[in-house]
Amino acid sequence: MTEQIRVRFAPSPTGHLHIGGARTALFNYLYARRQNGVFVLRIEDTDAERSTDESVQMILHDLKWLGMTWDEGPEIGGPFGPYFQTQRLDLYREKLEFLLERGSAYYCFCSADTLEKKRELAMATGQQPKYDGTCRRLNPAEAKARVQAGEPYVVRLKIPDAGSTIIDDKIRGKMVFENSVLDDYVLSRTNGLPTYNFAAVVDDAAMKITHIIRGDDHISNTPRQIILYQALGEALPAFAHVPMILGSDKTRLSKRHGATSVGAYADEGFLPHTMVNYLALLGWAFDDKTTLFTPAQLIEKFSLKKVSKNPAVFDPAKLQWMNGVYIRQLPAEEYVARAVPFIIQAGLLHEPLSEEQRAWAGRVALLVKEHVKVFNELPRHVQYFFGETVELDDAAGEKLALAKERAELFKALHQKMSMLESFTHAGLEEMMKAFIAETQVKFGDLVHPLRAAVTGRANSPGIFEVLELLGKERAIKRLAAGLASVGINIAD
RNA sequence: GUCCCCAUCGUCUAGUGGCCUAGGACAUCGCCCUUUCACGGCGAUGGCGGGGGUUCGAAUCCCCCUGGGGACGCCA
């Protein structure tokens, strides 16, 4: 029996779940499922200033929305808990003691201000902005005394002066870093809380994480972390750095590029599986032709070997296309359940809805199922079904103007429609066919002005469906009003 | 500035020395279907950043250049 694969997604709760974070989570999730491993969720809330409980809730919510269930973590616990770093402070303290005692780490009393100035100076003069090692040379006993005297301090890791550290990355192969370019970074802050690099390594080791799959913006952290693993005497996990997601200008995806949070896409009316499928394709491909995958297929086909090395530009157009595909695949019932709330939200209908209203709204929404790519655009597709009258747009005006030359014909049509008993798709179609046969007019010549009058637009779903759902009364009224607007008076 | 990573159509990508006259998807354009729109079908435009090697043969291997990105926090 081989070692159980354990991976983790470790967000910091300083905001919503970001697209990039979601993709990282997804790759971890897929890898875990594919390998029959364990997907751990750990909250890295060691930044006291920025971490909020609200962010934790949003992240958990969005992860669940995407369908990524974790095997260990918040809300469910697990054998390696707790899963919030601020609840694991004793562990970090213990490890810190260990490093201090072994001389792998040391106290540093340099003030943040001084360091900041030195860093700026170094940057400005083209020097490498690394910690100059002032406190590394302090006598340990002396340092300890200063600590006991109450002087503020941080703890730094001693990086070997010589040698190099190699990352053997699952995706990129070997990457070599000279230790001399690394500096003695901070493990423990003045406030006693561990830094990211320290807490992450301690936890990954404690939680027996076997594969660290994360964005490649963490590559430069990796040699520092590897040295820490070694200082701690812990076995190294495997690393897999996935490429970043970029905006259209090829810089790191940010608000400038539009919505970056998973929640925002949910609100706009993207389907969770669309996000999952699309995100999976950002940096990963199965073969040369498959783009649509079911959740099960994603799990079955995912492999780190096929993750690409180059950064991927987030393309909203393709996301929208894919959402359209999945919307069209939705069973009618589910489609309606997702669509109607957007009609209400747009103010076209108001709660509470009667059963008839709800059913009718569902039928209306179903009419444009083929048209909708994102649910928030649904209201503008069906807007003319609501309200008594319509306003003609330019294209509709042109179509309606075509009726001018056939005033008598349209009057007759209005007459026929008024007298129609069964104002249904079938009834309307039957009437219309008879009318065409009788008048020898082309179907289109009749339909285009009719559609324009009744919807205010040059295009719509099939005219008979539209008429039926509009109802006889409104349809006739709108036709009369439309004809009147081009000088055809029904009463004449 | 230093270190690291990356480099195939506008975008996501397939490609691991001959199957490539470089394949697919989105986007764009055209045609068809059609009561319009959408869907769908068919087709077109469009790419191996540049230069050197290696090889009988390079998108594929090596080097240099260029370009892009990331990191350099008591953020994660």
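Bear in mind the structure is a predicted one, so any value in this text is a computation, not a measurement.
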Once you apply a heavy-atom cut-off of 4.0 Å, does A:K318 come out as touching a base, just sugar-phosphate, or nothing? base
Less than 4.0 angstrom from a charged side-chain N to a carboxylate O is my criterion; do A:R256 and A:D249 meet it? yes
So what does A:R50 touch, heavy atoms closer than 4.0 Å: a base, only the sugar-phosphate, or nothing? base
Got a donor-acceptor pair under 3.5 Å from the side chain of A:T190 to the base of B:C74? yes
When we call it a touch if two heavy atoms are under 4.0 Å apart, what does A:H218 touch: a base, just sugar-phosphate, or nothing? base
What is the separation between atom CG on A:L279 and atom C1' on B:U11, rounded to the nearest whole Å? 16 Å
Under 4.0 Å between any heavy atoms, over every strand shown, what does A:V176 touch: base, sugar-phosphate, or nothing? Just pick one. sugar-phosphate
Value in whole Å for how far the P atom of B:U8 lies from NZ of A:K309: 12 Å
Can you check the A:N323 CG to B:A38 P distance for me, whole Å? 18 Å
Spacing of the P atoms in B:U60 and B:G17 (rounded, Å): 11 Å
Classify the nucleic acid contact of A:M322 as base, sugar-phosphate or nothing, counting any heavy atom under 4.0 Å across all strands shown. nothing
Give one of base, sugar-phosphate or nothing for A:P11, where a contact means two heavy atoms less than 4.0 Å apart. nothing
Quick one: is B:G67 close enough that its OP1 or OP2 comes under 4.0 Å of any side-chain N or O from A:K250? no
Would you mind classifying the nucleic acid contact of A:K305 as base, sugar-phosphate or nothing, using non-hydrogen atoms under 4.0 angstrom? nothing
Determine yes or no for a side-chain-to-main-chain donor-acceptor pair under 3.5 angstrom, with A:D216 supplying the side chain and A:K309 the backbone. no
With the threshold set at 4.0 Å, does a side-chain nitrogen-carboxylate oxygen contact exist between A:E429 and A:K433? yes
Provide the distance between the two P atoms, one in B:A22 and one in B:A44, to the nearest whole Å. 13 Å
Which is true for A:T14 with a 4.0 Å heavy-atom rule: it touches a base, it touches only sugar-phosphate, or it touches nothing? nothing
A:E370 side-chain proximity, nearest of B:A71, B:C39, B:A14: B:C39
What is the nucleic acid contact for A:S188, judged by heavy atoms within less than 4.0 Å: base, sugar-phosphate only, or nothing? nothing
Electrostatic pair A:D204-A:R42, nearest N-O below 4.0 angstrom: yes
Please state whether the phosphate of B:G73, meaning OP1 or OP2, lies under 4.0 angstrom from any side-chain nitrogen or oxygen of A:R119. yes
Name the closest nucleotide to the A:V313 side chain, picking from B:C74, B:C3, B:U11. B:U11
NZ or CZ of A:R146 within 45° of A:F109 ring axis and under 6.0 Å: yes
Taking the six-membered ring of A:Y335, is the NZ or CZ of A:K369 close enough (under 6.0 Å from the centre) and on axis enough (within 45°)? yes
For A:Y196 and for A:M175, find the nucleotide of RNA chain B with the closest heavy atom, then tell me which residue's nucleotide is more 5'. A:M175
Within the structure shown, what part of the strands sits under 4.0 Å from A:G283 by heavy-atom distance: base, sugar-phosphate, or nothing? sugar-phosphate
Nearest-Å distance for atom pair CG/C1', residues A:L479 and B:U35: 16 Å
Residue A:H448, side-chain heavy atoms: nucleotide from B:G40, B:U35, B:U13 that is nearest: B:U35
To the nearest angstrom, the NZ-P distance between A:K174 and B:C3 comes to 22 Å
Roughly how many Å apart are B:G52 and B:A38, using the P atom of each and rounding to a whole number? 49 Å
Compare side-chain N and O positions of A:N310 against OP1 and OP2 of B:U8 and report whether any pair is under 4.0 Å apart. yes
Respond yes when some side-chain nitrogen or oxygen of A:R328 is under 4.0 Å from OP1 or OP2 of B:G40, and no when none is. yes
Over all strands shown, is A:V186 touching base, sugar-phosphate only, or nothing at heavy-atom distances under 4.0 angstrom? sugar-phosphate
Touch class at under 4.0 angstrom, heavy-atom based, for A:I463 against every strand present: base
Is a side-chain donor or acceptor of A:D183 paired with a backbone partner of A:Y131 at a separation under 3.5 angstrom? yes
Phosphate OP1/OP2 of B:C39: any A:K373 side-chain N/O under 4.0 Å: yes
Distance check: side-chain N/O of A:S220 vs OP1/OP2 of B:C72, anything under 4.0 Å? no
Please work out if A:F177 contacts a base, only the sugar-phosphate, or nothing of the nucleic acid, heavy-atom cut-off 4.0 Å. sugar-phosphate
Looking at every strand, decide which applies to A:N221 at a 4.0 Å heavy-atom threshold: base, sugar-phosphate, or nothing. base
Is the phosphate of B:A76 approached by A:T46 (side-chain N or O, under 4.0 Å from OP1 or OP2)? yes
